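I have placed the structure first, in the form of structure tokens, so that the comments after it can refer back to it.
For the single chain, residues carry numbers from 1 onward in sequence order. Since this is a predicted model, take the numbers as computed values, not measurements.
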Amino acid sequence: VGSPVGRAMSTTGSTVSRRSRAPDPRFAHLKPRVDTGSNMRKLMEKYEGTSGPNARAKQTHTYFRRIKPLDLERRLAPDIECEESIYAYDLDEAS
């Protein structure tokens, strides 16, 4: 009435039990989830309510003033222009 292969593949005579277990209360707060890697939604959830991934706490115990690189260049410019050189030494004595 059919091949033995057909009978083995039938689901009605399956020996695997399909009983469901009662949920364990220790794991009731867990939900099934597949980790698909990083994406924008996950990043936004992670940094929600903050200033973002590059936010750092402001340093309160600094005893010096921070200056911008352009201000540093402007302040050092006169020193760079009148730079000493051993090659210009003879020229300074001659005048």
Side-chain angles (χ1 to χ4, degrees):
V1 166
S3 70
V5 175
R7 279 183 273 157
M9 303 274 301
S10 99
T11 55
T12 56
S14 176
T15 58
V16 177
S17 137
R18 299 240 181 224
R19 291 184 302 186
S20 63
R21 293 180 150 180
D24 194 340
R26 293 179 296 173
F27 305 111
H29 67 283
L30 296 177
K31 295 184 171 112
R33 185 167 99 177
V34 176
D35 185 9
T36 58
S38 181
N39 61 33
M40 197 57 152
R41 179 187 52 81
K42 289 180 184 178
L43 283 175
M44 296 305 284
E45 286 175 0
K46 182 177 180 181
Y47 296 116
E48 186 177 357
T50 66
S51 297
N54 295 323
R56 300 288 182 266
K58 187 174 183 180
Q59 295 180 356
T60 56
H61 301 294
T62 55
Y63 300 105
F64 54 90
R65 186 173 173 204
R66 296 188 183 274
I67 61 172
K68 297 176 184 174
L70 290 175
D71 290 340
L72 179 64
E73 178 188 7
R74 191 186 69 218
R75 292 177 189 204
L76 293 177
D79 292 336
I80 293 172
E81 289 173 3
C82 47
E83 181 178 294
E84 278 190 32
S85 172
I86 59 170
Y87 302 109
Y89 183 72
D90 291 336
L91 297 175
D92 290 340
E93 285 184 355
S95 57

Hey, mind stepping through Arg75 and Leu72 against side chain to side chain contact (heavy atoms under 4.5 Å, CB included) and telling me if it holds?
-> CA-CA 5 Å; Arg75 292 177 189 204; Leu72 179 64; 5.5 Å; no

Tabulate below the donor-acceptor pairs under 3.5 Å that side-chain atoms of residues 43-54 make, not counting sequence neighbours, or state none.
unit_1, atom_1, unit_2, atom_2, d
Glu45, OE2, Arg41, NH1, 3.2
Thr50, OG1, Tyr47, O, 2.8
Thr50, OG1, Gly52, N, 3.4

Can you list the steps and then say if Arg74 with Ile67 is a side chain to side chain contact (heavy atoms under 4.5 Å, CB included)?
-> CA-CA 11 Å; Arg74 191 186 69 218; Ile67 61 172; over 6 Å; no

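- Within the hydrophobic cluster formed by Ile, Leu, Val, Met, Phe, Trp and Tyr side chains joined at under 4.5 Å, directly or through other members, Leu70 stands alone, with no partner residue.
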Give every donor-acceptor pair under 3.5 Å between a side-chain atom in residues 22-32 and any protein atom, sequence neighbours left out.
unit_1, atom_1, unit_2, atom_2, d
Asp24, OD1, Arg26, N, 3.3
Asp24, OD2, Arg26, NE, 3.3
Asp24, OD2, Arg26, NH2, 2.8

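- Taking each heavy atom of Asp35 and Lys42 in turn, the nearest pair found is OD1-NZ, 3.2 Å.
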